[in-house]
Amino acid sequence: MKDVLLKRIEDRKATVAIIGLGYVGLPLAVEFAKGGFKVIGYDVSERVCRSLMEGRSHIQDVSSADIAKFVKQGLFEATTDESRLKEADAVSIAVPTPLVKTRDPDMSYVIAAADAVCRTAHKGLLVVLESTTYPGTTREVLLPALSKLGLTVGEDVFLAFSPERVDPGNPKYHTKNTPKVVGGITPACTELATALYAAVIDTVVPVTTTEAAELVKLLENTFRSVNIGLVNEMAIVCDKLGVDVWEVIDAAATKPFGFMKFTPGPGIGGHCIPLDPHYLAWKMRTLNYKTRFIDLASEINSQMPAYVVAKVAQALNEERKPVNGSRVLVVGVAYKPDIDDIRESPALDVMRLLEADGAEVVFHDPFIASYRDDGHARSGVELTAAELERADAVVIVTNHRAIDYQMLMDHASLIVDSRNAMARTIKTRARVVSLAKTSQQSTWIENR
Ligand code: SAJ
């Protein structure tokens with residue numbers, strides 16, 4: 001079986017199925033089509049499949065021109081018909097793995113995809129799970145499901161895990177030039193998964209087990225969460241010492257080895273960093289081990305929105321204004337600069353907390369004109385001089401490059417800057433309050 005599939009991959013005769021046509025699955029589907037493979041994209045969304053078949057991409061990093069070309073050439077087909085998976089020689093599962101309210105894993109999408117694979121599996125099939133998940137998922141969920149069909153994994157069918165490393169909006173790294181880690185249940189599984197991805201991705205990094213591959217991704221993103229938590233705590237430390245945290249970080253970043261720059265902010269958002277580490281924390285709890293770094297980083301990062309709101313309240317108080325009844329303009333609500341994604345954005349928490357204190361909150365984001373919050377649509381405002389002059393406080397939450405920060409300086413009266421976005425503006429009208437109370441710096445020096 002292994003050699004037959006290896007040959008089909010080598011000759012580009014293998015049909016590749018991708019389950020889940022989102023920000024991971026669709027770029028992967030396009031890479032396989034570019035490599036000359038016939039690709040069947042399976043998604044439960046009728047709307048997604050229809051727009052793809054009409055040649056339109058719904059993913060920022062995938063061009064509609066590519067979709068239209070491969071649909072026309074018959075190399076890519078999007079379908080909601082699960083039975084089409086029967087045609088696949090290899091299937092990659094790239095479905096969401098969110099958390100439920102109690103921050104426990106929601107495996108429902110992975111289980112639904114695994115069930116679809118089992119209903120259409122056949123001898124000679126390679127299955128690769130890409131969704132970020134707790135270590136053990138591939139062996140504990142997918143392996144038994146396939147074995148129940150009477151198929152021996154490693155001989156009749158092959159099973160591996162390969163973490164997705166898609167960084168939406170990254171101008172330099174995309175699916176083809178980002179090294180791909182793969183780990184199989186058996187060496188034959190690893191060999192086949194390596195051959196499949198090596199056909200379209202520049203660098204493939206095999207590891208010995210599916211657990212190792214699952215942990216690689218969790219280490220990558222826990223590393224970020226912990227280091228972001230560290231610099232957020234450093235911001236609080238600098239605030240109490242009256243030191244400019246940005247100056248300290250920029251100077252530390254001059255160290256050419258042994259340091260990696262992270263920057264403080266209003267908290268962490270997105271579909272990876274706030275969620276992935278909790279998959280590991282959950283698994284370790286089932287083994288009676290408390291992953292203290294993950295929990296501490298999460299505790300610090302998740303209290304940053306409240307920290308920013310406390311800064312706003314303090315700054316308004318210095319103007320003898322209560323938060324209650326003040327008009328606050330939040331600038332930048334996407335979860336990170338220069339993208340249009342608001343998922344888990346700390347800006348949502350900042351706005352909710354301000355409104356809970358009675359503030360009248362409006363927002364501006366050049367990438368997000370409106371979004372749905374608790375079921376109702378919220379629209380942003382244009383960034384005008386009038387809007388800035390009307391605000392009792394302007395809060396910079398996400399520092400998009402497209403925003404004119406000098407305009408904020410010239411027209412706002414009070415700015416709370418959670419990203420050091422005002423650093424390069426010329427001081428004119430606004431009073432700027434940073435995450436760390438640099439205004440105390442003189443007191444610190446006087447008292448020494
Ligand atoms: N953040 C900070 N300070 C930092 C870095 C990030 O406050 O120094 C915040 C961001 O504003 C954002 C959140 O953390 O709200 C997450 O930012 P991120 O840069 O980690 O961006 P993501 O969530 O898009 O992470 C993805 C991840 N990619 C995958 O999971 C495949 C991550 O592993 C990448 O390293 C990251 O992109 C990247 O490098 O941009």
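In this chain, residues are counted from 1 in sequence order.
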>> Do V110 and V95 make a side-chain contact, defined as non-hydrogen atoms from C-beta onward lying under 4.5 Å apart?
In response: yes
> Counting only N and O atoms by type, is there a donor-acceptor contact under 3.5 Å from the side chain of E214 to the main-chain atoms of G136?
Replying inline: yes
>> For residues 174-186, which residue pairs pass the salt bridge (Lys or Arg N to Asp or Glu O under 4.0 Å) check, not counting sequence neighbours?
In response: E130-K180, K176-D202
> Under the 3.5 angstrom rule, does the side chain of T425 hit a backbone N or O of Y405 as a donor-acceptor pair?
Replying inline: no
>> As a quick check of understanding, evaluate side chain to side chain contact (heavy atoms under 4.5 Å, CB included) for Y42 and I93, giving each step before the final call.
In response: CA-CA 10 Å; Y42 168 67; I93 300 172; over 6 Å; no
>> When you compare the side chain of V328 with that of V416, does any pair of heavy atoms fall below 4.5 Å?
In response: no
>> Between L383 and L408, is the side chain to side chain contact (heavy atoms under 4.5 Å, CB included) condition met? List the steps.
In response: CA-CA 9 Å; L383 193 63; L408 270 59; 3.8 Å; yes
>> Less than 3.5 Å apart, any donor N or O on the side chain of D106 or S108 sitting next to an acceptor on the other?
In response: yes
> Between D410 and M407, is there a donor-acceptor pair closer than 3.5 Å when you use the side chain of the first and the backbone of the second?
Replying inline: no
>> In the structure I gave you, are the side-chain heavy atoms of Y279 and K217 within less than 4.5 Å of one another anywhere?
In response: no
>> Within the 4.5 Å heavy-atom criterion, are D276 and T222 side-chain neighbours or not?
In response: no
Name each donor-acceptor pair under 3.5 Å that joins a side chain in residues 346-359 to protein atoms two or more places apart or in another chain, with its distance.
| unit_1 | atom_1 | unit_2 | atom_2 | d |
| --- | --- | --- | --- | --- |
| D349 | OD1 | R352 | NH1 | 3.4 |
| R352 | NH2 | D373 | OD1 | 3.0 |
| E355 | OE1 | R378 | NH1 | 3.2 |
| E355 | OE2 | R378 | NH1 | 3.0 |
| E355 | OE2 | R378 | NH2 | 3.0 |

> Any side-chain heavy atom of I268 within less than 4.5 Å of one from E344?
Replying inline: no
> Should the pair R292-E299 be classified as a salt bridge under the 4.0 Å nitrogen-to-oxygen rule?
Replying inline: no
>> Between E387 and E382, is the side chain to side chain contact (heavy atoms under 4.5 Å, CB included) condition met? List the steps.
In response: CA-CA 8 Å; E387 201 62 65; E382 285 308 305; over 6 Å; no
> Atom OG of S298 and atom CD1 of I228: how far apart are they, to the nearest 0.5 Å?
Replying inline: 12.0 Å
> Between CZ of F367 and CG of D340, what distance do you get to the nearest 0.5 Å?
Replying inline: 7.5 Å
>> For a 4.5 angstrom cut-off between non-hydrogen side-chain atoms, does D66 reach S57?
In response: no
>> Counting only heavy atoms not in E211 (residues, nucleotides, ligands), do more than 12 fall under 6.0 Å from its CD?
In response: yes
> Going by an N to O cut-off under 4.0 Å, is there a salt bridge joining R103 and D295?
Replying inline: no
> Who passes side chain to side chain contact (heavy atoms under 4.5 Å, CB included) against A78, sequence neighbours left out?
Replying inline: L21, C49, L52, M53, F76
> Between K336 and D167, is there a side-chain N and carboxylate O pair less than 4.0 Å apart?
Replying inline: yes
>> E140 vs K283, test: salt bridge (Lys or Arg N to Asp or Glu O under 4.0 Å). Steps then yes/no.
In response: CA-CA 12 Å; E140 296 162 17; K283 174 69 180 182; 3.0 Å; yes
> Can you tell which of R327, K321, R320 makes a salt bridge (charged side-chain N to carboxylate O under 4.0 Å, His left out) with D392?
Replying inline: K321
> Should we say atom NZ of K427 is surrounded by more than 12 heavy atoms from elsewhere, each under 6.0 Å from it?
Replying inline: yes
>> For T132, is there any backbone N or O sitting under 3.5 Å from a side-chain donor or acceptor partner on T97?
In response: yes
>> Checking F161 against V207 for the side chain to side chain contact (heavy atoms under 4.5 Å, CB included) test, could you report, in this order, the C-alpha distance in whole Å, the side-chain angles of both residues, the deciding distance, and whether it holds?
In response: CA-CA 10 Å; F161 183 84; V207 292; over 6 Å; no
> Is the number of heavy atoms from other residues, nucleotides or ligands under 6.0 Å of F293 CZ greater than 12?
Replying inline: no
> Angle class for the Y371/F363 ring planes (parallel below 30°, perpendicular above 60°, tilted otherwise)?
Replying inline: tilted
> Taking atom CZ of R424 and atom CG of N420, what is their separation to the nearest 0.5 Å?
Replying inline: 7.0 Å
> So, F32 versus F70, ring centres under 6.0 angstrom or not?
Replying inline: no
> Got a donor-acceptor contact below 3.5 angstrom from the D43 side chain to the G20 backbone?
Replying inline: no
> Side chain of S162, backbone of V181: donor and acceptor closer than 3.5 Å?
Replying inline: yes
> Quick one: does N301's side chain have a donor or acceptor within less than 3.5 Å of a partner on A297's backbone?
Replying inline: yes
> Which value, rounded to the nearest 0.5 Å, describes the distance between I339 atom CD1 and I342 atom CD1?
Replying inline: 10.5 Å
>> Contact between M409 and I426 at the side-chain level, heavy atoms closer than 4.5 Å - yes or no?
In response: no
> Under 6.0 Å from the CE atom of M234, do we count more than 12 heavy atoms belonging to anything else shown?
Replying inline: no
>> Quick one, Y109 and S131 - any side-chain contact, counting heavy atoms below 4.5 Å?
In response: no
> To the nearest 0.5 Å, how far apart are CG in L435 and CG in N232?
Replying inline: 7.5 Å
> OG1 of T398 to CD1 of I368: how many Å apart, nearest 0.5 Å?
Replying inline: 8.0 Å
>> Is it the case that over 12 heavy atoms from other parts of the model lie below 6.0 angstrom from the CZ atom of F259?
In response: yes
